[in-house]
Amino acid sequence: MIAMGRFILKCLKCGREYGQEYRLTCEDDDSLLRAEYFEKRLELRDQPGIGRFHSWLPIQEELTTEAGPVTYKSEALARELGLSNLYIGFSGYWPEKGAFIKTCSFKELEAHPTMQLLKESGGKAIVLASAGNTGRAFAHASALTGPDVYIVVPDSGIPKLWIPEEPTDSIHLISMTPGNDYTDAINLAGRIAKLPGMVPEGGAKNVARREGMGTVMLDAAVNIGRMPDHYFQAVGSGTGGISAWEAALRLRADGRFGSGLPKLQLAQNLPFVPMYNAWQAGRREIIPEIDMKDAKKQIEETYATVLTNRAPPYSVIGGLYDALVDTDGIMYAVTKEEALEAKALFEALEGIDILPPSAVAVASLLKAVEAGNVGKDDTILLNIAGGGFKRLKEDFTLFQVEPEVTVRDSDVPLEDLKI
Ligand SMILES: Cc1ncc(COP(=O)(O)O)c(C=O)c1O
């Protein structure tokens, strides 16, 4: 158990408080827990990456990894769009800009604090589901730091499960046959996590994961000197949006970064856009028959497959709906063609390759400019949550993680997994 805490966990529904521990839910209800840190002012630590933001990470020991978010002011894309204060929050590999996330997405910002919290709370093995990028990040973190990870991935995610070092025995990859999607992987991971000795990673419920993603907002505020007026990101679960909002609430309370919360401007990719549909209809609830009819077929047709969660933390108290309401947010639905065009534009102008979800985010910024949803002198943060994969391959040899077992559906007998 953890000694002397740095924060408490508070239930956003009933207000019940818990000490510092690896806890995903309140004992009385299912709303999100939020960390309240004893440090109310952000005090940057002298660490190379995400560890700078230790003030608001739910761990004891400072992280020393070089992986961290990078913020820079755009010139070429900004000029093209006629924007005078466009900032890029870049999570990926781009050494020329000081970006050293070698699994090329902001999922690594979630993985490092989560693995550290697991260690500090005595856990030995963590279980998670992934559409690909999260699994890669946790596999890498496991190879670097030791704890076992059990990663359940749908077939479409397997090619994304490479890491920049030899896979270690601590990485256990479970793949699912075609026909299963990310949500099927979530369901199977949920069953495995109930086995003795296993700790569920928890997705959006995992505070360490949210704070890790929230550092993109913190880094931007520190670099710009204030919070941005707008925050653009592509979402699948929406956890990044929730995290950006929570980070902004802390920055507002800090007092040095402005008092207006950044307007969340979030995008999904067509035809699978359940949160966009629910938000457009003004609903807290996602109604599957309306908002994601023929979900599995829609998911197969999407360009950015990692943005396809059928059970996102949208309706839950403290979830994405609340974040959108509180920030007067906007959602976008982007086509594959729009995303590909945006990708080509960004890469040509900014000079770095980006992953499909980031292309969806760029496309939503183009739409926002066209619709007048941002002012030309507004301060805008565009979260490029994944990029630099081509750049990474120039410097590193990548290793594919091989599945230990492949299963047909999420109801398989757990004995078959030979865990
Ligand atoms: C690069 C990238 N961007 C965006 C997302 C969406 O993340 P979320 O919906 O959890 O905020 C993901 C999810 O895997 C991702 O890998």
Side-chain angles (χ1 to χ4, degrees), residues 32 69 88-93 99 101 103-111 114 128-140 151 153-154 156-157 159-161 181-183 185-186 201-206 209-217 231-247 264-269 272-276 279 299 302-314 316 319-321 323-324 329 331-332 334 339 342-343 346 352-364 382-389 392:
L32 297 183
I88 310 289
F90 184 84
S91 295
Y93 186 73
I101 298 182
T103 58
C104 295
S105 92
F106 71 163
K107 297 293 166 177
E108 208 178 306
L109 304 177
E110 308 173 34
T114 300
L128 62 125
S130 170
N133 293 348
T134 309
R136 181 168 74 247
F138 275 82
H140 176 58
I151 307 167
V153 175
S156 63
K160 299 190 184 75
L161 262 289
D181 66 8
Y182 177 36
T183 308
I186 291 174
E201 179 273 323
K205 295 195 181 104
N206 173 356
R209 182 171 184 170
R210 303 210 303 273
E211 307 321 28
M213 287 176 125
T215 62
V216 174
M217 177 65 77
Y231 172 83
F232 283 83
Q233 193 207 306
V235 291
S237 71
T239 310
I242 301 168
S243 307
W245 170 53
E246 292 182 320
L264 296 188
Q265 305 216 30
L266 309 175
Q268 297 206 280
N269 67 157
F272 184 78
V273 293
M275 294 191 279
Y276 166 81
W279 180 247
I299 286 173
T302 57
Y303 161 61
T305 50
V306 300
L307 303 177
T308 56
N309 185 332
R310 286 188 279 125
Y314 174 80
V316 63
L320 196 70
Y321 178 83
L324 286 164
M331 288 216 58
Y332 298 87
V334 166
K343 184 176 192 293
F346 185 95
I352 189 74
D353 63 290
I354 59 176
L355 296 186
S358 306
V360 171
V362 177
S364 69
L382 170 61
N383 189 343
I384 297 295
F389 177 50
L392 182 82

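All ligand and atom numbering here is 1-based and tracks the order in the structure.
Between N309 and I186 the shortest heavy-atom distance is ND2-CD1, 3.9 Å. Looking at every heavy atom in both residues, E201 comes nearest to G203 through OE1-N, 2.9 Å.
When heavy-atom distances to ligand 1 are checked against a 4.0 Å cut-off, L307 comes that close only through its side chain, counted from C-beta outward. If you look at T239 next to ligand 1, the close heavy atoms, those under 4.0 Å, come from the backbone and the side chain alike.
Remark: the backbone N or O of M275 is paired with a side-chain donor or acceptor of Q268 at under 3.5 angstrom. Remark: the backbone N or O of I384 is not paired with any side-chain donor or acceptor of S358 at under 3.5 angstrom.
Few gaps surround NZ on K343; more than 12 heavy atoms of other groups in view lie less than 6.0 Å from it.
Residue T134 has no N or O atom closer than 3.5 Å to an N or O atom of ligand 1. Geometrically, ligand 1 and G236 share a nitrogen or oxygen pair separated by less than 3.5 Å.
Scanning the protein for heavy atoms near atom 13 (C) of ligand 1, the closest one is K107 CE, 3.1 Å. From the protein, the heavy atom lying nearest to atom 16 (O) of ligand 1 is N133 ND2, 2.7 Å. The protein atom (non-hydrogen) at minimum distance from atom 11 (O) of ligand 1 is G240 N, 2.7 Å.
Atoms of ligand 1 found under 4.0 Å from any heavy atom of M213, numbered from 1 in the order shown, are 10 (O), 11 (O). Atom numbering of ligand 1 starts at 1 in the shown order; those under 4.0 Å from a heavy atom of A385 are 1 (C), 2 (C), 3 (N).
Comparing C104, G92, S237, P356 against atom 10 (O) of ligand 1, the shortest heavy-atom distance belongs to S237.
Under the rule for a salt bridge (Lys or Arg N to Asp or Glu O under 4.0 Å), R136 has no partner lying at least two apart in sequence or in another chain. By the salt bridge (Lys or Arg N to Asp or Glu O under 4.0 Å) test, E110 is found to be paired with K107, R209, residues two or more places apart in sequence or in another chain being considered.
Within the structure, the closest approach of G238 to ligand 1 falls below 4.0 Å when heavy atoms are considered. Within the 4.0 Å heavy-atom cutoff, A234 counts among the residues contacting ligand 1.
With E246 as the partner, the side-chain contact (heavy atoms from CB on, under 4.5 Å) test is satisfied by one option alone out of M217, M213, R210: R210.
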